[in-house]
Amino acid sequence: MSHRRFKRILLKLSGEVLMGPGQFGIDPATVDRVAGEIAEAKQAGHELCVVVGGGNIFRGLAGAAKGFDRASADYMGMLATVMNALAVQNALEKIGVDTRVQSAIPMASVCEPYIRRRAERHMEKGRVVIFAAGTGNPFFTTDTAAALRAAEMNCDALFKGTSVDGVYDADPKKVANAKRYETLTFGRVLADELQVMDAAAVALCRENRIPIVVFNIRDHGALASVLSGGGTSTIIQN
Ligand code: UDP
């Protein structure tokens with residue numbers, strides 16, 4: 001199925017993706033590679049914005065399990081996403097891609113605050129806008145932030161870059177003959193509790209008719225090839 005019709009896309013990068021082969025933190029070589037994938041998609045004529053996660057550095061739920069107050073732990077998680085956003089920005093700028101980071105938690109000396117209309121303008125000018133600090137609210141995830149920003153920025157699709165090339169009926173890393181779905185409906189994902197994105201994010205995409213494309217960002221060239229109709233992925237839509 002061709003995804004050429006998706007002119008403007010939001011790319012969700014989980015923190016895990018930026019960790020590369022490591023167990024924690026940011027792997028510069030991996031960030032450079034991902035930046036190259038984004039540049040390639042841009043060169044093919046797509047408009048891109050990015051939401052970055054923070055799980056490679058800090059997750060609110062894990063912090064709360066260790067005794068931190070949940071809301072404080074979530075703020076720590078949101079701050080982690082800002083570090084990742086700056087890393088992605090750096091890698092993109094190094095290869096000549098114009099970018100802006102906008103944070104849902106204002107921090108004027110580091111990046112721009114999130115202002116929807118300004119973000120729109122950046123995209124019109126061909127810049128890649130990287131959204132940091134999730135939604136700015138504790139008790140949410142960056143998946144939900146991705147769905148929210150995709151709706152606000154009028155994106156044609158939300159591309160979720162993961163470490164598997166789509167949604168399977170069982171964990172393909174554990175079950176040898178697990179079957180990949182080519183397409184799925186939002187209803188099915190929610191009813192079967194398929195672990196694609198959290199339910200709030202899926203519901204938001206369903207309500208706003210924004211297809212979710214799940215693909216493996218670890219495969220070299222996957223983003224551009226899925227966008228041009230090749231590669232493997234799962235598309236979730238109404
Ligand atoms: N977070 C939050 N509100 C948001 C987005 C994120 O509180 O709107 C916090 C939450 O603690 C989360 C952490 O930031 O665990 C990192 O985000 P996430 O777990 O979504 O990152 P990913 O799994 O994509 O790496």
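Each ligand, and each atom within it, is numbered from 1 in the order the structure gives.
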Sub-4.0 Å heavy-atom contact, M76 with ligand 1 = no
ask   = What are the atoms of ligand 1, with element, lying closer than 4.0 Å to any heavy atom of S14?
value = 24 (O), 25 (O)
inquiry  = If you count heavy atoms of other groups shown closer than 6.0 angstrom to CE of M19, is the number above 12?
reply    = yes
task = Pick one of side chain, backbone, both or neither for how A145 approaches ligand 1, counting any non-hydrogen atom pair under 4.0 Å.
result = neither
G15 neighbourhood, listing ligand 1 atoms whose heavy-atom distance to it stays under 4.0 Å = 22 (P), 24 (O), 25 (O)
query = Between V88 and F215, is there a shared hydrophobic cluster once you connect ILVMFWY residues whose side-chain heavy atoms come closer than 4.5 Å?
reply = yes
ask   = Any idea which protein heavy atom is nearest atom 21 (O) of ligand 1, and the distance to it?
value = G54 N, 3.0 Å
ask   = Does Y75 come within less than 4.0 Å of ligand 1, judged by its heavy atoms?
value = no
inquiry  = Surrounding CZ of F68 (heavy atoms of other residues, nucleotides or ligands, distance under 6.0 Å), is the total greater than 12?
reply    = no
ask   = Against heavy atoms of G60, which atoms of ligand 1 measure under 4.0 Å?
value = 10 (C), 11 (O), 12 (C), 15 (O)
inquiry  = Less than 4.0 angstrom from a charged side-chain N to a carboxylate O is my criterion; do E40 and K42 meet it?
reply    = no
request  = Identify whether the distance between the nearest side-chain nitrogen and carboxylate oxygen of E120 and R8 falls below 4.0 Å.
outcome  = yes
ask   = Does a side-chain heavy-atom distance below 4.5 Å link E47 with M153?
value = no
query = At a 4.0 Å threshold, what atoms of ligand 1 neighbour a non-hydrogen atom of G53?
reply = 21 (O), 22 (P), 24 (O), 25 (O)
query = For ligand 1, which atoms sit closer than 4.0 Å to a heavy atom of F58?
reply = 13 (C), 16 (C)
query = What pair of heavy atoms forms the shortest contact from D219 to R33, and how long is it?
reply = O-NH1, 4.4 Å
remark   = of all protein heavy atoms, closest to atom 23 (O) of ligand 1 is R59 NH1, 2.6 Å
query = What is the nearest protein non-hydrogen atom to atom 24 (O) of ligand 1, stated with its residue, atom name and distance?
reply = K12 NZ, 2.8 Å
request  = Drop me the distance from H220's NE2 to E37's CD, to the nearest 0.5 angstrom.
outcome  = 7.0 Å
query = Which atoms from ligand 1 have a heavy atom of P138 less than 4.0 Å away?
reply = 7 (O)
message = So for A80, does at least one of its heavy atoms come nearer than 4.0 angstrom to any atom of ligand 1?
response = no
same_hphob_cluster(L13, M123) at 4.5 Å side-chain heavy-atom cutoff = no
key: Ion pair check, E124 and R121, cut-off under 4.0 Å   = yes
key: Test of proximity, G134 against ligand 1: N or O pairs below 3.5 Å   = no
request  = Using a strict 4.0 Å cut-off to heavy atoms of G55, name the atoms of ligand 1 that fall inside it.
outcome  = 21 (O), 22 (P), 25 (O)
note = ligand 1 to T135, heavy atom cutoff 4.0 Å, flagged ligand atoms 4 (C), 8 (O)
key: Pair D32 + K94: basic N to acidic O under 4.0 Å   = yes
request  = Considering heavy atoms of the protein only, find what lies nearest to atom 14 (O) of ligand 1 and give residue, atom and distance to 0.1 Å.
outcome  = G77 C, 3.2 Å
task = Write out the residue and atom name of the closest protein heavy atom to atom 2 (C) of ligand 1, then the distance separating them to 0.1 Å.
result = F140 O, 3.1 Å
key: Smallest separation among heavy atoms of G53 and K12, with atom names   = N-CE, 4.0 Å
request  = List the closest protein heavy-atom neighbour of atom 17 (O) of ligand 1: residue, atom name, distance to the nearest 0.1 Å.
outcome  = T142 CG2, 3.6 Å
inquiry  = Just to be sure I'm reading this right: ignoring hydrogens, which of N137, D74, T141 gets closest to atom 3 (N) of ligand 1? Compare them by their nearest heavy atoms.
reply    = N137
